Amino acid sequence: MATVRGLKCRECGRPYPADPLHVCEFCFGPLEVDYDYDRLRGTLTRKAIESGPPSIWRYRALLPIEGDPAVGLHCGMTPLVRAKNLARALGMREVYVKNDTVNHPSFSFKDRVVAVAITKALEFDFKVVACASTGNLANAVAAHAAEGGLQSFVFMPADLEQGKVIGTLIYSPTLVAVEGNYDEVNRLCSEVADKYRWAFVNINIRPYYAEGSKTFGYEIAEQLGWRTPQHIVVPAAGGSLVIKIWKGLKEFERLGLLSGPCATRMHLAQAEGCGPIVTAIKENSEIIKPVKPRTIAKSLAIGNPADGYYAYKVVKGSGGHGEHASDDEIVEGMKLLASTEGIFAETAGGVTVAAAKRLIEQGRIPRDESLVLCITGNGLKTQEAVAPSLKVSLQIKPTLRSFDESMTSHGIEVTPRNLS
Amino acid sequence: MTKRRVHLTFTGKLVEEPILWQLSQTFDLIFNIRQADFTEGIGWIMAELEGDPQRLENGIKWLEDRGVQVAPIEQDVVS
Ligand SMILES: Cc1ncc(COP(=O)(O)O)c(C=O)c1O
Ligand SMILES: [Zn+2]
């Protein structure tokens, strides 16, 4: 079912063919995939989706690929967890965690965008794929390129977490660790993308790549029984995810797949040390002021977000708000999610939990309304962030006496089994 | 001649200065503005700059030294 009409400029509306293009030649606005929704109305039903594979590809009629998916066949359909313990801790009635810490194959939501991007790169007959990444995207590109038999180049700032470096290198890409400040890395990658005829997933393949994030929204709605929650809190770096979740929900509404109207308020979560979009939301400024990132949430450390303006519009337009999280709150958020729900998220998850907590305390998310938290990456990748604040509970000699004494001295009370 | 597409952000009193005009005069560059937005205290411009490669480099460096944030038109491509 080919439903893609082509690409279209988000600013001036000029149409473009479905080629590896990403900016409008006239106004330099970003290009977006344009679908023929009328052809889908009536044929894309709940039943048709439900009978599809348990992966993002059940929504392929709404994804910009022409043939069959080529990589990432097991991506998506991650658990939507009813988080009762976390809800209690937050003083909320109904909280869900959309848990992409267990996304396949590389444990973050980036598998969604990359599965689409690399399938598209193969359709365009590229032999080399590339990305510039703070970690999760690098993992996903290297893994999917290996699966698709493509050569890959991954550019990363030289100071990233071990988990993200190892979790990329293992797939045998060419990993380029760039020594330079953030802006220099950024400029270099833009120049590399200009010079080589590669599928740079988040540059020249971006319009297709970004569409993969819609599946995060589709799954939330389907897993809630074809309805949308009252609130969603989304972590933001470049701002694409929040826009695409919203686009996904609105497409479902337009295609008549939802039980009621989509009245969800979209809220944004960013770190205090790099929160330009949230700052703009708080200040009601449509112009996003770039910042120099300084936060432990390195996956969200994007100082001059490409989609900041559109993310701002989605949040404001939906009646949502935004909040920042300090580094300490991020760590607390990670611990709270793990200790209440048994889910170990990366720093971005800590940002989301912490920002949600602030929004609840401010009354922006009322305690009796439904809330979905977007947990987008796995904590095993960013252990450095929490390691300093965690320590082994008891250290003892290998004797029962040492164990009992240690328990007593740490004030741990347990009832021994009745041996009589 | 080389072309560069750039996204420029201006803050504070830079917003009121004719910086692109000065750039074009000083470094002999042609500029072509495609989109821009300004409000009090902040603004941005998306433009194509064209000129001698070395002068283009020097011009961009000059902008940055003046406090203008210079990025590719995609803005941050790392993600
Ligand atoms: C774990 C995680 N969550 C959220 C995001 C934000 O995505 P976006 O750039 O689409 O705002 C990223 C981006 O790198 C990420 O790695
Ligand atoms: Zn345009």
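Here is the naming used below: chain letters follow the sequence lines, and residue numbers restart at 1 for every chain. As the structure is a prediction and not an experimental result, all values here were calculated from the model. Values below: every heavy atom of this structure, side chains too, minus hydrogens, waters and symmetry copies.
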Enquirer: Select one option (side chain, backbone, both, neither) describing which atoms of B:I42 are under 4.5 Å from chain A's heavy atoms.
Expert: both

Enquirer: Which bit of A:A306 comes within less than 4.5 Å of chain B, counting heavy atoms only: side chain, backbone, both or neither?
Expert: both

Enquirer: Using non-hydrogen atoms and a 4.5 Å limit, figure out which bit of B:Q69 sits close to chain A: side chain, backbone, both or neither.
Expert: side chain

Enquirer: Would you mind checking which part of A:E184 comes under 4.5 Å of any heavy atom in chain B, side chain (CB onward), backbone (N, CA, C, O), both or neither?
Expert: neither

Enquirer: Side chain from CB out, backbone as N, CA, C, O: work out which of these in B:T9 comes under 4.5 Å of a heavy atom of chain A, or both, or neither.
Expert: side chain

Enquirer: Tell me, for A:K298 versus chain B, whether the close heavy atoms (under 4.5 Å) come from the side chain, the backbone, both or neither.
Expert: neither

Enquirer: Between A:N186, A:I288, A:I203, which shows the greatest number of heavy-atom pairs under 4.5 Å with chain B?
Expert: A:N186

Enquirer: Is a donor from one side chain sitting under 3.5 angstrom from an acceptor on the other, for A:D100 and A:T376?
Expert: no

Enquirer: Count the heavy-atom pairs under 4.5 Å between each of A:N202, A:D194, A:L137 and chain B, then report the option with the highest count.
Expert: A:N202

Enquirer: What I want to find out is whether A:E346 reaches A:K381 closely enough, with some N-O distance under 4.0 Å, to be called a salt bridge.
Expert: no

Enquirer: Side chain, backbone, both or neither: which part of B:E64 has a heavy atom under 4.5 Å from chain A?
Expert: side chain

Enquirer: Do the side-chain N and O atoms of A:S213 and A:R112 include a donor-acceptor pair separated by under 3.5 angstrom?
Expert: no

Enquirer: Decide whether B:N32 and B:E48 meet the rule of one side-chain donor and one side-chain acceptor closer than 3.5 Å.
Expert: no

Enquirer: Find the one option among A:L300, A:N136, A:I302 whose heavy-atom pairs under 4.5 Å with chain B are most numerous.
Expert: A:I302

Enquirer: Does A:F153 have its ring centroid less than 6.0 Å away from the ring centroid of A:W198?
Expert: yes

Enquirer: Verify salt bridge (Lys or Arg N to Asp or Glu O under 4.0 Å) between A:E272 and A:R294, making sure each step is shown before the conclusion.
Expert: CA-CA 8 Å; A:E272 248 166 31; A:R294 268 189 58 190; over 6 Å; no

Enquirer: At a 4.5 Å cut-off on heavy atoms, which part of B:T11 comes close to chain A: side chain, backbone, both, or neither?
Expert: side chain

Enquirer: Can A:E211 and A:R206 be counted as an ion pair, charged N to O under 4.0 angstrom?
Expert: no

Enquirer: Could you tell me how the ring of B:F38 sits relative to the ring of B:F10: parallel (under 30°), tilted (30 to 60°) or perpendicular (over 60°)?
Expert: tilted

Enquirer: Answer with side chain, backbone, both or neither: which region of A:Y209 has an atom nearer than 4.5 Å to a non-hydrogen atom of chain B?
Expert: side chain

